[in-house]
K.L.:
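Have a look at this one.
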Amino acid sequence: MSRTGIEYFDKYILKDGFPDGSLILVAGEPGAGKTIFSATFVYNGAKKFGERGVYISFAETKKEFYEAMKQLGMDFEELENKGLFKFIDLVTVGKEAIDKEIGFLMEELARFQPKRVVLDSISVFAQILGLEKTRVFLHTMLGRFIKAQNSTALLIAEKPVGTEKIGYGIEEFVVDGVIILKYEALGEVSRRIMEIPKIRRRSVERTQYEYVITSKGIEFLEIPELRREEMGYTTERITTGIDRLDEMLGGGIYKGSSVLLVGMTGTGKSTFALHFVIANALQGRKAVYISFEEPMDQIIRAAKNYGLPIDEAMKENLRIFTWIPESMTPVHTFLRIRKIIEEFDPEVLVIDSLTSLRQHMEGKELAKMLRYLGLITKARRITTYFTLNEETNFEVVPFTGASTMVDVIIGLRYHVQDGSIERRMAIVKSRASNHSRKIHKYEITDKGVEIYE
Amino acid sequence: MSKGQEILVKAISLALKEVAPGLEAVLEAHLKATMNKGLEVAYENPKEFKEAVSKLFGEYSARLLEMVIINKLEGRLGGNAEINSLEELVEEIKNIYGE
């Protein structure tokens, strides 16, 4: 087995890694991460498993490769000095010299006997050799060597932008596995997807896996297993931070529930959310407020204007995080939220708002992310508020992807009465709870939210 | 240019053409820019020549070129010694031509 050393890949995608003696085609458009994925395979092989590796490149010089990989935390020079790695930088030769180059290459491989080989790229070879000779090279020369040595070779193939064809059309038929790395624009950011349409002696469960390239190399979106944790039920309730609302809900919100606050701008969604995190932080619960709408200073100022003791809460258990969602892919956003949850381990969480996320994610993407987030928060019994900037008449709740997932929906809306604007609210849904069915009037004063009969 | 030097430069030129068209011009420009010399430096100082090629095309491409150069001349020199490097090839040429 040749594990990649990328934990998620080895654990969830190709359990135990590539079968020994495999030729694997890694195809993708420029910028999809083929080199980084393949280099990681060789680097981790040497670093984590003590296996010799060779990287054959027709594109990059050794210096360029070493420098680029060092920025991703991979020191190939160190491995070379330890005798665990060789970078073979070759020029693209003409037809007359290709046989000599192949002979030279095979001699080097035979001498060094690597357990892991990367050929970057097979497309260059195929271009010079033609289809028939490429097949011979892959089957008879490289293929035999790899199988005899129980090694694994990754063959990088360029996939021209905008085409579905991989490489030169024959590589995929003579290899043991095909990995396709895709790269697509998603609003202002890009999304990277791995597909594995073929792999001998392994089963791959999903059709697609999302990944990101960070300063640590390739990181997969570690999607939680799509099953609910078997947990005992709880009847523990926690406060919304607003006494009247707690009463309306029958004594607060069940611990671990998710709440959707939906209403047009100015209805006070963020104020409700601030009540929630501040009150709970002051009761000794760790609280996290993630804002995609406002910077930290504005959130603090707003809380103070509503008479909410935010300074005290921040000294204790409240943490506020703000960032602009457009600067990250949905995967990044999810990973960041998950990292905050894992590091800070909150009991209450606010995501303000889904509207900001939806502006740069497709509805389906957002619903998927919320489902994953829901699995994490449920498993940890984190009580979560989501805000959504949409009109509601209390009969219809927008964005069904979120509204069907949450346990509690609180609708907020304006009501014009005698030439003035009045606010109305209702608990549209509250699972397993005897909640108020009335529409209530409320105001936002210098004491925060005040709810009337 | 001595006879031995002339033979070697010709072999290098042929080897470069065989490996990839255009390499010769690039290598000559590189040698000129860095050493103010031409391909004849391979005869004068094979190690220095190899380093320059390696810097330009990479360590293994330099080795590949070295092998192709040796292949071009090995048969023609008619010696019995096995030649494994440019340095050994230059030595052999010098022995044959008494330079």
Side-chain angles (χ1 to χ4, degrees), chain A residues 35 39 42 52-69 76-77 79-81 83 85-114 117-121 124-125 127-129 137 141-142, chain B residues 8-34 39 41-42 46-77 82-89:
Chain A
T35 298
V42 173
R52 278 199 294 273
V54 163
Y55 197 101
I56 304 154
S57 175
F58 291 92
E60 280 179 295
T61 64
K62 185 168 158 181
K63 192 168 174 257
E64 282 171 344
F65 180 82
Y66 280 20
E67 278 174 8
M69 293 305 136
F76 277 97
E77 200 168 356
L79 296 183
E80 187 183 358
N81 293 337
F85 177 71
K86 270 192 182 189
F87 185 86
I88 301 184
D89 44 355
L90 291 171
V91 284
T92 308
V93 298
K95 279 195 168 119
E96 297 78 23
I98 189 72
D99 289 337
K100 284 198 179 77
E101 188 162 64
I102 289 173
F104 171 72
L105 195 55
M106 295 312 298
E107 262 178 41
E108 281 299 320
L109 294 179
R111 200 174 300 137
F112 192 59
Q113 302 214 333
V117 177
V118 173
L119 180 60
D120 186 2
S121 70
V124 173
F125 256 70
Q127 216 167 22
I128 303 165
L129 288 176
F137 170 69
M141 302 177 81
L142 190 62
Chain B
L8 182 67
V9 167
K10 208 167 178 182
I12 293 173
S13 177
L14 284 170
L16 284 164
K17 282 190 182 78
E18 184 179 321
V19 170
L23 280 192
E24 189 177 1
V26 179
L27 180 59
E28 277 185 334
H30 178 65
L31 295 174
K32 180 86 182 156
T34 54
L39 295 177
V41 72
K47 192 166 175 277
E48 207 175 2
F49 174 79
K50 277 162 62 175
E51 279 168 7
V53 177
S54 182
K55 199 169 176 191
L56 190 62
F57 301 127
E59 187 187 338
Y60 285 89
S61 297
R63 289 266 304 280
L64 175 67
L65 181 67
E66 188 179 15
M67 275 172 46
V68 178
I69 296 167
I70 293 167
N71 283 345
K72 291 257 168 265
L73 281 179
E74 216 171 15
R76 284 182 57 192
L77 294 175
E82 193 186 327
I83 299 168
N84 291 310
S85 68
L86 186 64
E87 288 89 335
E88 286 175 13
L89 180 69

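So you know, we letter chains A, B, ... as the sequences are listed, proteins then strands, and number each from 1. The figures here come from the full heavy-atom set of this structure, side chains too, leaving out hydrogens, waters and symmetry mates.
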K.L.:
Residues two or more places apart in sequence or in another chain: which of them pass ring pair (Phe, Tyr, Trp, His ring centres under 6.0 Å) with F57(B)?
P.N.:
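For F57(B) there are no ring pair (Phe, Tyr, Trp, His ring centres under 6.0 Å) partners, ignoring immediate neighbours.
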K.L.:
Distance-only check: which donor-acceptor pairs of chain B and chain A lie under 3.5 Å?
P.N.:
from	atom 1	to	atom 2	distance (Å)
E18(B)	OE2	K100(A)	NZ	2.5
V19(B)	O	G94(A)	N	2.5
E59(B)	N	D89(A)	OD1	3.3
E59(B)	OE1	K62(A)	NZ	3.2
Y60(B)	N	D89(A)	OD1	3.4
S61(B)	N	D89(A)	O	3.3
S61(B)	OG	D89(A)	O	3.0
S61(B)	OG	V91(A)	N	2.8
R63(B)	NH2	E108(A)	OE2	2.7

K.L.:
Is any side-chain heavy atom of L86(B) less than 4.5 Å from a side-chain heavy atom of L89(B)?
P.N.:
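Yes, at least one pair of side-chain atoms sits under 4.5 Å.
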K.L.:
Can you give me the closest heavy-atom contact between L109(A) and P114(A), atom names plus distance?
P.N.:
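Between these two residues, the closest heavy atoms are O-CD, 3.3 Å.
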K.L.:
Taking all non-hydrogen atoms of both residues into account, name the closest pair between F112(A) and G53(A) and its distance.
P.N.:
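Scanning both residues, the minimum pair turns out to be CE2-O, 3.5 Å.
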K.L.:
Under 4.5 Å between any side-chain heavy atoms of F58(A) and V93(A), yes or no?
P.N.:
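Heavy-atom side-chain distance check fails, nothing below 4.5 Å.
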K.L.:
Taking C-beta and beyond as the side chain, do V54(A) and V118(A) meet within less than 4.5 Å on heavy atoms?
P.N.:
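Answer no - side chains too far apart.
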